[in-house]
Amino acid sequence: MMISNGIEDEEKWLAEGIAGIQHNAFYLHRALDSNNLREALKYSAQLLSELRTSRLSPHKYYELYMRAFDELRRLEIFFKEEDRHGCPVIDLYELVQHAGNILPRLYLLCTVGSVYIKSKEAPAKDILRDLVEMCRAVQHPVRGLFLRSYLAQVSRDKLPDIGSEYEGEGDTVMDAVEFVLQNFTEMNKLWVRMQHQGPHSEKEKLEKERNELRDLVGKNLHVLSQIEGIDLEMYRDTVLPSVLEQIVNCKDELAQYYLMDCIIQVFPDEYHLQTLETLLSACPQLQPTVDLKTVLSQLMERLSNYASLNPELLPEFLQVEAFSKLSNAIGKVMEAQVDMPVVGAISLYVSLLTFTLRVHPDRLDYVDQVLGACVKILSGKPKLEDSKATKQVVALLSAPLDKYDDIVTALTLSNYPRVMDHLDAGTNKVMAMVIIRSIMKNKSWVSTSDKVEVLFELIKGLIQDLEGISTDELDEEDFNEEQNSVACLMHMLHNDDPEEMLKIICTVWKHVKSGGPKRLPFTVPSLVFSALKLVRRLQGQDGDVGGEEVPATPKKIFQLLNQIIETLSVVPAPELALRLYLQCAEAANDCDLEPVAYDFFTQAFVLYEEEVADSKAQVTAIHLIIGTLQRVNVFGVENRDTLTHKATGYSAKLLKKPDQCRAVYACSHLFWVDDQDGIKDGERVLLCLKRSLRIANAAQQMTNVTRGSSGPVTLFVEILNKYLYFFEKGNPQITASVIQGLIELIKTEMQSDNAVVNPVSDAFFTSTLRYIQFQKEKGGAMGEKYDSIKLGG
Amino acid sequence: MNFIVGAFKPACHISVAFSDGKNRKQIPIKKDNGQATTVPLFHSQDNITGTIIVEPVSGKKVEHNGIKVELLGQIEMYFNKGNFYDFTSLVRELDVPGEIYERKTFQFEFSTVEMPYETYNGVNVRLRYVLKVTISRGYGGSITHFQDFVVWNYTPPPSINNSIKMEVGIEDCLHIEFEYNKSKYHLKDVIIGKIYFLLVRIKIKNMDLEIRRRESTGSGSNTHVETETLAKFELMDGAPVRGESIPIRLFLSPYELTPTCRNINNKFSVKYYLNLVLVDEEDRRYFKQQEITIYRIGETS
């Protein structure tokens with residue numbers, strides 16, 4: 001015995017059914033051609049008997065139905081032409097009811113009924129009522145649904161609608177409506193019943209099959225929506241209540257969801273707006289598992305589209321209190337569906353929020369109300385774990401940002417931070433990033449310390465360690481990006497009033513300082529520069545700011561800066577701190593605050609001494625110090641001496657000889673500032689250069705000893721360039737002969753046996769010589785100066 | 001002409017013609033030999049008049065002891081074939097004994113004949129009306145000729161015609177209430193009604209309404225009962241749920257029904273029943289039978 005699978009069997013049965021239809025259709029056509037009514041009825045009944053099968057799935061049954069449907073169309077045409085069969089339509093109406101089987105009988109009855117209405121020999125409503133009533137006889141869900149959908153199909157264009165030829169003489173729109181409503185109700189009952197017929201194990205399959213049939217039911221609502229005569233009043237008083245009653249009473253999840261959606265989709269928005277209360281009041285009565293959030297979201301989306309396309313209708317929205325009705329309805333739905341997951345609830349509020357933002361953008365109180373409702377949902381629950389739910393919350397919180405392009409608006413919403421409190425740390429950070437990005441994108445300045453306070457409260461997930469999350473677990477890249485964003489954000493905090501600006505800085509500092517060693521290196525520089533910017537501004541309006549009471553003085557700010565930079569020691573980030581100290585020192589210099597500048601230098605040196613241990617870092621640091629010190633001119637001789645002395649001292653103590661050499665010749669600039677009233681101490685310049693030359697020599701010897709070959713002459717060439725610089729600047733200590741000597745020295749070095757050919761240093765030297773040659777040939781004062789330098793052959 | 005038959009043909013040919021035969025409704029019947037023909041329709045109290053023609057075959061003379069015509073109302077039981085019971089018997093003498101040489105026409109008349117019963121053709125019994133012409137002969141046997149006719153009797157619509165309404169069920173299993181709009185229907189009537197499902201715990205597959213005819217013949221221990229299902233009319237397809245009500249609309253005209261007859265001459269009765277049958281998915285049948293009365297009304301227009 002072969003056990004064929006169900007699908008093959010079904011194919012076979014369908015093929016059999018189709019063959020049956022074709023066979024009878026052949027005889028039917030013959031009967032029609034010979035105008036033989038009796039035969040036509042006989043074969044059409046037999047043909048329709050194929051639809052009595054119970055073996056096909058709805059999908060296959062539909063195929064069979066469509067074939068029968070085509071044949072019925074022909075039959076209908078035949079019925080219409082009385083001279084062909086000689087039977088008055090009223091007799092025909094009886095005749096077809098002689099059929100012994102109910103299903104063929106009713107298909108035929110509907111077909112004749114359609115002709116009967118068209119003949120106008122009886123009131124349309126009577127025939128329609130009779131048909132819809134007689135169809136009760138088919139209680140099999142699938143067969144009943146198809147029969148009734150056939151009825152709906154053939155009667156569609158014959159409803160006594162306003163303006164239709166079937167209206168009048170007692171036939172009113174109301175009759176059309178009642179007919180469609182009744183057919184709809186019966187179809188829905190059949191459809192719902194499908195679920196309960198059949199073994200429990202096939203529940204899923206049944207559900208799938210039912211889903212395939214849903215449009216048959218929904219079609220009725222579509223027909224209703226097409227009836228012109230249904231005005232708002234009739235919709236409100238008759239159509240909607242009846243439809244909703246059926247939806248509520250059927251107690252079926254699938255049907256309720258689908259039909260609610262249908263209502264929303266097929267009827268005009270204007271009607272929805274005016275019947276919002278009725279429509280919404282049905283929602284809490286639906287099964288607790290119905291996906292109401294999608295339904296309501298659809299509704300709100302439609303309404304908000306409607307509002308945005310027709311701005312002139314806004315007063316109507318206000319008049320019907322659309323917002324409060326929706327808001328209440330959502331509240332009631334929550335009460336009814338206690339098991340609704342948080343994600344569902346939140347997404348409902350996201351929709352409501354979207355609605356509000358689109359329809360009532362000016363009503364911040366609405367927005368806050370929505371957020372407040374969310375707080376209520378979230379409160380008493382543990383922090384959100386469900387990623388979908390958190391996504392929804394993020395959407396919820398992002399919506400106002402997108403809408404208002406301005407974080408400032410969001411900052412006035414009292415419930416905004418309260419919602420954020422319910423996010424888990426990760427999402428909180430995501431949200432904080434969203435906020436920051438919004439600010440950056442829209443270039444919205446945050447201009448008061450109060451707002452800054454709120455803002456930093458919102459983004460505190462980025463600013464501080466939150467409970468439960470250890471910084472070790474974080475992805476470093478993400479972390480860096482976050483902190484960079486925070487750093488960027490600081491530049492968006494601005495107020496033209498220095499006093500307020502200082503307040504802002506203080507507020508930020510208050511939040512930032514507890515950020516811990518990982519965050520401070522990101523946040524501190526940004527804050528420092530922000531403060532320095534303020535310093536520069538104050539310095540610019542120096543004279544205008546009078547009186548001692550002014551709190552925002554550079555002095556004060558420098559004090560604060562000192563504190564700020566100091567915190568880097570916990571990181572520790574000595575190099576960064578050092579740079580910042582130098583920046584401050586320079587700013588203090590510009591403000592003419594010698595002691596302050598001195599103090600910053602001191603701090604920098606202390607750091608150098610105590611914290612900067614790495615030799616490479618030392619090189620960088622010392623160069624920075626030298627560079628800064630060179631620019632600073634606020635110091636008196638004594639202070640200056642101390643600092644330059646320190647700098648040169650440290651330069652000579654660097655570990656590597658080449659580093660020593662370079663640092664030392666850099667120090668030469670400390671004694672020669674090429675300004676009008678800059679220091680010009682030629683002797684000490686020369687001292688520095690000589691010293692560096694010595695170091696270069698020592699370095700050369702060292703390589704000779706350790707490697708057996710002398711190192712490149714790069715260092716000498718660099719020193720030569722320094723010589724040339726000071727020579728040109730007119731340092732009297734630097735003479736042509738000294739330069740001449742140095743050139744010779746380099747040449748000798750290059751020609752020594754141990755010399756290693758180094759193209760880089762060679763090229764460097766060659767171009768230096770070419771420069772000299774160029775200067776010589778240029779003539780004028782400079783040419784004269786160079787004249788005495790002989791380059792030789 | 002059929003010569004072989006002709007050879008055994010009686011000596012004369014007899015034919016009967018009703019005087020208003022042309023104007024009467026012709027009813028199709030089946031003759032004893034199975035051939036279909038039509039015969040005129042009469043009603044009780046009608047005058048039955050006409051002419052009888054006796055025509056000797058090709059010039060032969062027919063000698064006879066008298067010619068008569070009888071109007072007979074007969075009941076014939078099939079299990080007792082050939083044994084007729086005449087409940088009506090009227091005689092008219094047509095001719096005194098003598099000889100017939102040529103075609104001879106006789107007039108006959110039975111006035112206001114009482115014919116209380118309708119012609120009926122059942123399974124085990126039939127009731128028929130017939131004109132029997134007898135040419136009595138002493139030698140060679142009598143010559144007889146039969147002419148059937150049909151009698152229908154119209155009944156006025158009953159003054160009381162209650163609906164049939166009933167609640168039936170199987171405990172905890174099926175409970176229905178059904179209603180037929182009348183208890184008495186005429187032959188072209190429509191049965192209107194509905195079935196209301198009060199409780200459904202079985203999986204019903206479909207529901208039919210049957211019209212059954214119950215013919216009982218004989219009496220006492222000799223009673224034969226024959227039941228035929230004349231109509232099987234599907235009322236419902238599929239399984240209803242509680243609260244559903246299913247409409248009934250059954251046109252009687254397509255079915256070959258006769259009026260109900262009760263105890264015709266103590267010989268037979270014909271009764272009709274509506275049988276409501278529910279079939280479940282295991283093909284178990286649940287049914288409830290209700291007698292209805294069928295009567296004939298005069299044809300209007």
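The chains referred to below are lettered A, B, ... by the order of the sequence lines, with proteins before strands, and numbering in each begins at 1.
Comparing Gly100(A), Gly144(A), Cys135(A) by how many heavy-atom pairs each has under 4.5 Å with chain B, the most go to Gly100(A).
In terms of heavy-atom proximity, Arg136(A) sits nearest to Ser245(B) at CD-O, 3.2 Å. The minimum heavy-atom distance linking Phe233(B) with His98(A) is given by the pair CE1-O, 4.2 Å. Scanning all heavy atoms of the two residues, the minimum distance from Ile246(B) to Ala137(A) falls at CG2-CA, 3.9 Å.
Contact annotation: the side chain of Glu234(B) approaches that of Arg105(A) to within less than 4.5 Å [non-hydrogen atoms, C-beta and beyond]. Between Met236(B) and His140(A), the closest side-chain pair of non-hydrogen atoms is not below 4.5 Å. Side-chain contact check for Gln139(A) versus Met207(B): every heavy-atom pair is 4.5 Å or farther apart.
Both the backbone and the side chain of Gln97(A) come within contact range of chain B, with heavy atoms under 4.5 Å apart.
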Lys205(B)/Ser54(A) under side-chain contact (heavy atoms from CB on, under 4.5 Å): CA gap, chis, key distance, verdict: CA-CA 10 Å; Lys205(B) 201 162 69 177; Ser54(A) 298; over 6 Å; no
Criterion salt bridge (Lys or Arg N to Asp or Glu O under 4.0 Å) on Asp237(B) and Arg143(A), from CA distance to verdict: CA-CA 9 Å; Asp237(B) 170 24; Arg143(A) 293 195 286 272; 2.6 Å; yes
Result block: side-chain N/O donor-acceptor pairs under 3.5 angstrom for residues 39-47 of chain A, not counting sequence neighbours:
{"unit_1": "Ser44(A)", "atom_1": "OG", "unit_2": "Ala40(A)", "atom_2": "O", "d": "2.7"}
{"unit_1": "Ser44(A)", "atom_1": "OG", "unit_2": "Leu41(A)", "atom_2": "O", "d": "3.1"}

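Atom CG in Asn206(B) sits 8.5 Å away from atom CG in Asn101(A) (nearest 0.5 Å). Distance check, rounded to the nearest 0.5 Å: CG of Leu209(B) to CD1 of Ile102(A) gives 11.0 Å.
A salt bridge does not link Glu94(A) with Arg249(B): every distance from a Lys NZ or Arg NE/NH1/NH2 to an Asp or Glu carboxylate oxygen is 4.0 Å or more.
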